[in-house]
Amino acid sequence: MISTGQKIAITRVERSRLKETDLDNVVFGRVFSDHMFVMDYQNGQWQQPTIVPYAKMQMSPASLVLHYCQTIFEGLKAYRTSTGGAALFRPQMNIERMNRSAERMCMPQIPEDVFMDGLKALVELDSDWIPGGDEGALYIRPLLYASDEYIGVRPSEGYRLLIFTCPVRGYYKEEVRVKIETEYSRAFPGGTGEAKCGGNYAASLYPAKLAADEGYHQLLWTDGETHQYFEESGTMNVFFRIDDTLITPETSGTILHGVTRDSIIRIAEHEKIPCEVRRVSVREVVDALKEGRLKAAFGAGTAATIAHIRSIAYEGVNYDLPPVDQRNLSNRIGKMLDEIRRGRIADPFGWMVPVK
Ligand code: COI
């Protein structure tokens, strides 16, 4: 563990904005809670960690990040538990993944203890911002970016780590219609596919826009070399249920190691639901669709949790999937995941980290 042992200096807001916020009607990613965590990296060292009121920041037009996208982020959630407390879902996984992304993007490692303390302190301070109800959660966005005022191409020397939070409800309002992408690629071997870096998302926008123009919510990404194997769905990992087996693509350098993906695999093992982690070909899934053996498909991610796929389009043909109320395996796993996160059932995996 990389550690600095530094204590966080906290400056509270003079007046909370919470009273003016309707937590029952928040739009994903548009509402921000009162505080944010800020820690700079300068002269080869992390500086004093702070928590300050959430506010806009000044930035030089020459900030390296704006030009060459040396930036990484994470997404995790805190939940209100059935006893009225607050708990983080598997934060250690995000901390470790962020440091792997940092390595790939030539950025400094973040001390794990300060990162964890920052998450806990921030959520504790703004725990009243966690919406209640079945879909409510506090989405937490850690962000690390290159802050040097310099436009030559090289790794930055200075960085800023921010963590801020958003009260959220569902990400998708409906089941998603997706299209199998066989022209554009999200990632390729040796690239940055498994890093959670801004550029991956920027590069996905144009193909996603073309698909949206055709009426699809998302893409099913295929591998960049042959376009014959599935990788991810939009900004999520993807699972298929063929007959009674769940199948998800293996992570082989081009696919994000999703925390929700891992949790689904672990729950499936626990519940003795057959689950295979391997290459999944487009042919196998399209054949299963044609034969009525594709019982379910869904995206898995922190923001959306489980996003049921309503239909899959391939080579201009749209194939519908069974109604969601018939998808007993994915519904069962989704329910168990949700109940663990909200403290409604015992957490057999030790995933929840209480903050309050
Ligand atoms: C997440 O699910 O946390 C993501 O990072 C997806 C997204 C909102 C970019």
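Just so you know, ligand 1 is whichever comes first in the structure, and atom 1 is the first atom listed for that ligand. Throughout, numbering of the chain's residues begins at 1 and tracks the sequence.
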- Item | Those residues that, when tested against Tyr184, pass ring-ring contact (aromatic ring centres under 6.0 Å, His included) (two or more places apart) | Tyr206

- Qualifying residues under side-chain contact (heavy atoms from CB on, under 4.5 Å), relative to Tyr171, sequence neighbours excluded: Phe28, Ala303, Ala304

- Query: Taking all non-hydrogen atoms of both residues, which atom of Gly170 and which atom of Glu135 are closest, and how far apart?
  - Reply: N-OE1, 3.5 Å

- Can you list the residues that meet the side-chain hydrogen bond (donor to acceptor under 3.5 Å, both in side chains) rule with Thr248, with sequence neighbours excluded? none

- So how far is it from Arg332 CZ to Met336 CE, rounded to the nearest 0.5 Å? 8.5 Å

Ligand 1: which protein N/O atoms lie under 3.5 Å from its N/O atoms?
unit_1: ligand 1; atom_1: 2 (O); unit_2: Thr302; atom_2: N; d: 3.2
unit_1: ligand 1; atom_1: 2 (O); unit_2: Ala303; atom_2: N; d: 2.8
unit_1: ligand 1; atom_1: 3 (O); unit_2: Tyr139; atom_2: OH; d: 2.6
unit_1: ligand 1; atom_1: 5 (O); unit_2: Lys196; atom_2: NZ; d: 2.7

- Quick one: does Ser330's side chain get under 4.5 Å of Phe239's, heavy atoms only? no

